[in-house]
Amino acid sequence: MSAPAREPVGVHSPGRASIAARTLRTDRWWQSPLLTALGLAVFVVYATVRSFVRTAYWVDEYHYLTPFYSPCISDSCVPGASHFGTWVGELPMWIPLGFLVLPFLLGFRLTCYYYRKAYYRSIWMAPPACAVAEPHGRYTGETRLPLIVQNAHRYFFYVALIVSLINSYDAVKAFHGGSGGFGVGLGSLIITVNVLLLWAYTLSCHSCRHVTGGRLKHFSAHPVRYWIWTKISLLNTRHMQLAWTTLGTLMITDFYIMLVASGTISDLRLIN
Ligand code: FES
C-alpha cells in the first residue's frame, strides 16, 4: 500500500499562487545572505580558535587582556590576568578560560534581533530574501523549541551590561606604564575603543530601548525615562552597524594583543 500523499505546505499551500520557480527575482538577491554567512563564519572560527588556544592573551608589561579571556577566574590563567581573582581551580583544555561569560555573550548575540534577521536569512534560509521561497515546509516561528529561547534576549541583555562593566575595568587597567604607574600605548587605545563600541552596541539593544521607555502610557509623566529612551532610540537606528563593527573590533583587539603578547611586534608607546 503506498503512503498517503503529503498535504502541500508553505508556498505550495492551497490558495497560494501556483509558481514553480523558487523566485522570479532576477537581481543578485543571494549576495547579501552569502556575505552575511561568510562574515559570521569568519568571526565564529576566529573567536572559537582564540578562545581555546590559551596563548598570547595577556601582556603583563602593559596589563592588556583580550576580551575573549575576560574575566579570567581560573588557576589556569597566567599570573596577573585575573583582575577579579581566581574562583576556580585548573581547567581542562576543552574549557575556555573565558567560560564564565562566553555562553552569555554567545546567547546575547544569537538572540539579538538584528542577528536573528541575519542568520535566519543567510543560514536558516527562512526565507533567504524577500519574494524567495524558503526550503522549509513548515513555519512555527519562535513559539517552540529551539527558537522559543529567543524570547530570553532581555535576560542576556542584563548579563551583557555586567560584562560591559568588566570590559570597562579591563580597559582602565590597560593604561599601565611599562615601568609601573600610568601609561598609554596603542593597545590601551584599541582596547578602549573596542569597549566604547561594545557599550554602544549593548545600549542600542532593542531590549534596552524597551527597558528605558517601554510600557509607559504617558511620556510626559516620565521626562527622564523619555529623554533616555530618545537617546537609546537614536543609537538603536545604528544597531546593525554596531553589531558588525563590534565583531570587527573584537577581532582586531584580540589580534593586536596576541601580536604584542607573543613578541611578534612591540606595543607603540605614547606615554611611558
Ligand atoms: Fe541586538 Fe539586543 S537587539 S543586542
Side-chain angles (χ1 to χ4, degrees), residues 32-33 35-44 46-48 51 67-68 70-71 98-130 141-171 191-216 225-254:
S32 178
L35 291 176
T36 303
L38 287 175
L40 294 176
V42 166
F43 180 79
V44 168
Y46 181 88
T48 304
S51 296
F68 293 138
S70 177
F99 77 97
L100 187 65
V101 299
L102 286 180
F104 295 102
L105 291 182
L106 183 67
F108 184 51
R109 296 259 173 179
L110 273 180
T111 59
C112 163
Y113 288 31
Y114 166 67
Y115 285 114
R116 284 188 222 180
K117 171 192 161 189
Y119 69 79
Y120 281 178
R121 289 188 180 181
S122 61
I123 296 169
W124 214 282
M125 302 274 170
C130 292
E142 295 168 347
T143 57
R144 60 182 68 177
L145 280 172
L147 294 187
I148 198 169
V149 177
Q150 306 282 29
N151 295 293
H153 183 64
R154 75 174 56 185
Y155 303 107
F156 287 119
F157 163 70
Y158 298 140
V159 179
L161 282 180
I162 297 170
V163 176
S164 295
L165 288 173
I166 293 171
N167 290 334
S168 303
Y169 184 74
D170 293 341
I191 291 170
T192 302
V193 168
N194 178 51
V195 169
L196 289 175
L197 286 166
L198 285 176
W199 269 112
Y201 169 69
T202 305
L203 294 178
S204 68
C205 169
H206 293 65
S207 291
C208 181
R209 190 166 174 263
H210 182 74
V211 166
T212 53
R215 303 176 71 88
L216 290 183
R225 285 186 66 183
Y226 175 66
W227 184 86
I228 297 173
W229 178 81
T230 54
K231 304 302 170 212
I232 295 294
S233 297
L234 275 179
L235 211 50
N236 180 260
T237 61
R238 295 279 176 270
H239 194 59
M240 179 185 81
Q241 290 87 339
L242 288 165
W244 281 108
T245 307
T246 47
L247 288 191
T249 57
L250 276 167
M251 288 193 291
I252 289 170
T253 305
D254 176 81

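Residue numbers start at 1 and run along the sequence shown. Atoms within each ligand, like the ligands themselves, are counted from 1 in listed order.
- Separation of atoms OG1 (T237) and CD1 (I232) is listed at 11.5 Å; rounding is to 0.5 Å.
- Note on H239: counted as a metal contact of atom 1 (Fe) of ligand 1, an N/O/S atom lying under 2.8 Å.
- Of all atoms in ligand 1, numbered sequentially from 1 with element shown, those under 4.0 Å from a heavy atom of C205 are 2 (Fe), 3 (S), 4 (S).
- Figure legend: R154 and F157 shown without cation-pi pairing, the cationic atom not lying both under 6.0 angstrom from the six-membered ring centre and within 45 degrees of its axis.
- Not a single N, O or S atom of H206, from either the backbone or the side chain, sits less than 2.8 Å from atom 1 (Fe) of ligand 1.
- The contact set between ligand 1 and H153, taken as ligand atoms under 4.0 Å from a residue heavy atom, comprises 2 (Fe), 3 (S), 4 (S).
- Each of the atoms 1 (Fe), 3 (S) of ligand 1 lies under 4.0 Å from some heavy atom of Y113.
- Taking 4.0 Å as the cut-off, Y115 does not count as a neighbour of ligand 1 on heavy-atom distance.
- Close approach to Y201 involves these atoms of ligand 1, each under 4.0 Å from a residue heavy atom: 1 (Fe), 4 (S).
- Between the side chain of S70 and the backbone N or O of P67 there is no donor-acceptor pair closer than 3.5 Å.
- The closest approach between any non-hydrogen atom of F156 and ligand 1 is not below 4.0 Å.
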Walk me through it: do D254 and Y46 pass the test side chain to side chain contact (heavy atoms under 4.5 Å, CB included)?
CA-CA 10 Å; D254 176 81; Y46 181 88; 2.5 Å; yes
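- R109 forms a cation-pi arrangement with Y201, by the criterion of a distance under 6.0 Å to the ring centre and an angle within 45° of the ring axis.
- Atoms of ligand 1 found under 4.0 Å from any heavy atom of C112, numbered from 1 in the order shown, are 1 (Fe), 3 (S), 4 (S).
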